[in-house]
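Bear in mind that the values here come from a model prediction, so they are computed numbers and not experimental data. Both backbone and side-chain heavy atoms feed into the values below; hydrogens, waters and symmetry mates do not. Order of the sequence lines sets the chain letters (A, B, ...), proteins ahead of strands, with each chain counted from 1.
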Amino acid sequence: MQIPELFFSVLIIAALVITCLTPVILLALFIKDYFSKTIW
Amino acid sequence: MVKPSIGAGRMIKMLSLCFLLTLAAPSAAQSLQLNGPDSTVREGYFTVNVSSTTDASEPIASLVIEASSSKDFKQNLQTFPALGDFKKLSLTGFSDGTYYLRARSEDVSEYSNVIQVRVQHYPLWQALGLFVVGFLIFTALVVTIIRFHQKSEAEPADD
Amino acid sequence: MTEFALDTSVGLTIVVLFGIGWILFGYWLGRKNKTHEDFALAGRNVGFAFAAATAMATWVTSNTTLVAPQLTYQFGLWGMIGYSFAALGLLLFAPMAKRIKQLLPNGYTSGDFVRLRYGQVAWWVFIIISVVYAFGWLISLGMAGGILLESLSGLDYHIGMTAILIICVGYTLFGGMRAVIATDFIQALIIIVGVSVIAYWLIDNVGLDSIHQNLSAEHPQLLDVLFPAAVMFLFNNIFFGLGEIFHSNVWWSRALSFKKDVAYKAYLTGGLMWLPIPIVTGFIALAAPQLGIFPPSADMIGPTVAAAVLGKAGAIVVFIVIFSALASSLDSLLAATSDLVTQDLFHKKFKPKASDKTLMRFNRYCILGLGIMTWLFCLPRIATLGALLNFAGAFVASTIWPIVLGLYQRKLSGSYAAAAMAFGTLSGLVGYFAIGFYVAALISCAVSGVICWVGVVNSQRLFDWRQLNEEN
């Protein structure tokens with residue numbers, strides 16, 4: 001049984017979107033830590 | 001759009017810097033020897049390598065592997081160009097069946113020897129059996145960790 | 001058409017620039033290290049942002065950037081989905097990290113825990129497993145560095161391998177855990193942005209629909225939901241990942257260095273952020289057949305396709321991404337393994353009265369020594385990456401149950417834990433050689449689990465958790 005094209009596309013696009021969000025989240029967390037002086 | 005041939009051509013430049021200065025010199029007596037997997041392939045992927053009878057260190061220009069499901073190379077012919085000056089190819093995605101492979105090159109007028117590769121995937125019951133065993137152990141582990149975690153949250157210092 | 005080969009000089013320039021940058025950064029961060037605790041565990045006070053990033057970045061290794069595309073190339077869609085399940089290791093370790101921080105507020109290493117919880121015999125078995133694994137991983141990372149630099153820029157394997165080791169040893173030596181974690185944060189950003197750019201360019205240039213069409217016409221097996229070898233390998237790979245994370249001091253020292261209440265959410269966030277990455281990197285390999293790219297060995301497929309599609313810029317992006325991925329794991333492993341040697345062997349066995357200063361100095365020597373040993377092992381370029389790592393699966397998977405039960409269950413005794421790890425490893429190895437690589441971790445985990453639960457049922461004594469909180 002083959003994976004349909006729709007599932008294939010959704011899987012890849014979803015993975016890519018989440019991956020793109022990650023740096024945004026990390027930087028936001030860093031800025032938050034920076035201003036509350038809780039980096040270390 | 002990137003055409004396959006362009007992709008391969010670019011790769012020649014990229015990956016063969018160390019060989020860049022050596023140019024293939026065609027030789028009259030040259031012939032190609034193709035080697036593949038010795039035993040039945042169980043995973044659908046395998047590597048083949050080509051050697052030239054004249055000089056092993058010489059690159060083979062435009063090396064291409066042809067694969068077919070028939071001995072006369074008339075059915076389902078697939079071609080796989082080699083990357084740069086590499087004489088080894090990693091091929092993948094073969095379904096159950098017997099395949100015939102041969103190599104050709106711009107420099108050599110004749111095809112290489114034909115090798116026969118038999119692909120037979122693991123039986124599905126065996127694969128699913130392992131899958132189920134793995135799934136059961138994994139579930140047991142996850143349930144254990146979650147229950148332990150909940151318990152330790154409920155009564156922190158001691159349980 | 002432009003010539004886009006990454007010149008040897010360009011590759012070398014990138015390595016040198018990054019090398020100088022990381023080492024200076026490590027030196028700058030290292031100025032804050034006053035005690036051994038600062039050096040080894042970053043003062044036990046790492047905040048959420050750095051904690052989540054380091055959990056993710058350390059788990060992104062040569063595995064994710066080189067082997068995920070390789071497995072996708074070989075096993076198709078299941079290769080990348082199966083690989084992304086390795087995130088389960090981070091997710092399941094989250095509650096355990098919290099527990100570790102609670103039980104061992106003054107602990108240093110996973111070896112500390114095993115010694116206090118299970119005693120000497122189990123400790124020896126555990127240390128052997130840890131050392132085999134740590135060296136397997138260190139060597140495979142060092143070799144991956146050399147192979148990568150060579151395949152992308154023609155730089156000699158030995159020069160590339162030596163360069164990456166010198167850089168990582170350098171900044172870890174100066175900055176300790178702080179340098180490891182701070183560089184991990186930046187490396188995490190580089191990795192994610194890099195792989196996203198490559199995947200986006202690939203989708204834009206080649207198209208998802210055309211990749212799917214080509215595969216279903218030419219290589220239908222790669223899209224098969226029931227690909228037998230891939231289905232078989234799935235859970236084995238998961239147990240391998242769990243074993244790696246649960247036992248390794250890389251993850252324990254992180255849990256211990258995080259601020260209180262940060263460990264749990266940091267591992268959870270790190271795991272969720274890691275989850276899609278193997279799909280994004282693995283997917284790149286699926287475009288290979290359509291592009292007519294058939295590499296000499298399957299572990300080269302990721303970088304090769306990316307560079308083919310993206311040209312010179314792509315080659316540089318790939319180069320930097322994989323370089324960062326390797327460095328972010330190599331530094332962690334160097335730091336964690338030298339902590340293990342310093343704390344468990346030197347401090348506890350030979351010099352119980354060693355001063356803080358002595359420990360810090362010894363730890364630095366260890367990092368240097370490990371670097372040199374790794375370099376020596378990498379010189380002959382022994383095995384392919386995958387083969388080396390599969391072998392370790394038998395070792396690490398045997399520690400899953402002993403660690404989980406040891407952290408939460410008071411009944412399991414040291415002798416059963418030692419037996420579980422020893423026999424689990426042995427049967428895993430037997431499985432590896434008699435049946436195949438796809439059962440090594442599975443059998444190891446199963447056998448060790450059975451022994452552990454028998455131990456829980458048979459044990460009479462209850463362990464007192466207070467024994468774990470050892471004064472240093």
note = chain C shares the most heavy-atom pairs under 4.5 Å, among A:Leu26, A:Leu29, A:Ile39, with A:Leu26
remark   = Given A:Ile12, A:Leu11, A:Ile18, the one with more heavy-atom pairs under 4.5 angstrom with chain C than any other is A:Ile12
What part of [X] gets closer than 4.5 Å to chain A, counting heavy atoms only: side chain, backbone, both or neither?
{"X": "C:Leu275", "value": "neither"}
{"X": "C:Ile81", "value": "side chain"}
{"X": "C:Phe185", "value": "side chain"}
{"X": "C:Leu29", "value": "side chain"}

ask   = Is the shortest side-chain N to carboxylate O distance from C:Arg254 to C:Asp184 below 4.0 Å?
value = yes
inquiry  = If I measure from the heavy atoms of chain C, does A:Phe30 come under 4.5 Å with its side chain, its backbone, both, or neither?
reply    = both
ask   = Taking the six-membered ring of C:Phe48, is NZ or CZ of C:Lys265 closer than 6.0 Å to its centre and within 45° of its axis?
value = yes
inquiry  = Would C:Arg44 and C:Tyr108 count as a cation-pi pair here, with the cationic atom under 6.0 angstrom from the ring centre and within 45° of the axis?
reply    = yes
request  = Would you check, one step at a time, whether the test salt bridge (charged side-chain N to carboxylate O under 4.0 Å, His left out) holds for C:Asp38 with C:Arg178?
outcome  = CA-CA 8 Å; C:Asp38 273 345; C:Arg178 264 186 233 277; 3.5 Å; yes
query = So A:Trp40 and C:Phe50, would you call those rings parallel, tilted or perpendicular, with 30° and 60° as cut-offs?
reply = perpendicular
ask   = Which class fits the ring pair C:Trp59 and C:Trp274: parallel under 30°, tilted 30 to 60°, perpendicular over 60°?
value = tilted
key: Pick from C:Val195, C:Asp209, C:Ile277, C:Ile211 with the largest number of heavy-atom pairs that fall under 4.5 Å of chain A   = C:Asp209
ask   = Looking at C:Pro278, C:Gly282, C:Ala199, C:Ser216, which makes the most heavy-atom pairs under 4.5 Å with chain A?
value = C:Ser216
inquiry  = Which residue in the set C:Phe75, C:Phe233, C:Trp78 passes ring-ring contact (aromatic ring centres under 6.0 Å, His included) when paired with C:Phe227?
reply    = C:Phe75
